[in-house]
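Only a predicted model underlies this, so the values are computations on that prediction, with no experimental measurement involved.
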Amino acid sequence: MSRYYDEHFKREVAKKYLSGERTMDIVEKYGVTKSSIYEWSRKYGEECPDTTGNTESSASKEIRELNLKIKELEKENSFLKKAAAFFAKEID
C-alpha cells in the first residue's frame, strides 16, 4: 500500500536521519520505511548543509579526492622512474 508524503515531511525526516538520529527511531516515530528514509536522505541531503551527516559526507568526499590524487601521483612517479631508466641506458 503506497502512501503519499509531502515534501516538507520528507525533508524533515531526511534532516533527522542526516543529523545522526537512529534509523529505527525514525521508523517508529514517523511510520516510514527504512528505504524511504535512505532515498529521501540522498535526495534532500544537499539541502541540509547544517547536519553532521553532510560534514561526514564532505570529509568522505575529501578522502576520496585525496585517494584519487595519490593514485595519479603514483602513476606519474612510475612513469618518471621508467623514463629515467630509459634515458640512463641511452647515456651509457
(request) Measure the spacing between CZ of Phe86 and CD of Glu90 and express it to the nearest 0.5 Å. (result) 4.0 Å
(message) According to salt bridge (charged side-chain N to carboxylate O under 4.0 Å, His left out), who are the partners of Glu7, at least two apart in sequence or on a separate chain?
(response) Lys10
(request) Calculate, to the nearest 0.5 Å, the distance between atoms CD1 and NZ belonging to Ile26 and Lys16 respectively. (result) 8.0 Å
(message) Within the structure provided, determine whether Val32 and Phe9 are in side-chain contact (heavy-atom separation under 4.5 Å).
(response) yes
Exercise answer: donor-acceptor pairs, residues 33-42 side-chain atoms, under 3.5 Å, sequence neighbours excluded:
{"unit_1": "Thr33", "atom_1": "OG1", "unit_2": "Ser35", "atom_2": "OG", "d": "3.3"}
{"unit_1": "Thr33", "atom_1": "OG1", "unit_2": "Ser36", "atom_2": "N", "d": "3.2"}
{"unit_1": "Thr33", "atom_1": "OG1", "unit_2": "Ser36", "atom_2": "OG", "d": "2.8"}
{"unit_1": "Ser41", "atom_1": "OG", "unit_2": "Ile37", "atom_2": "O", "d": "2.8"}

(message) Can you list everything that forms a side chain to side chain contact (heavy atoms under 4.5 Å, CB included) with Ile70? Sequence neighbours excluded, please.
(response) Asn67, Glu74
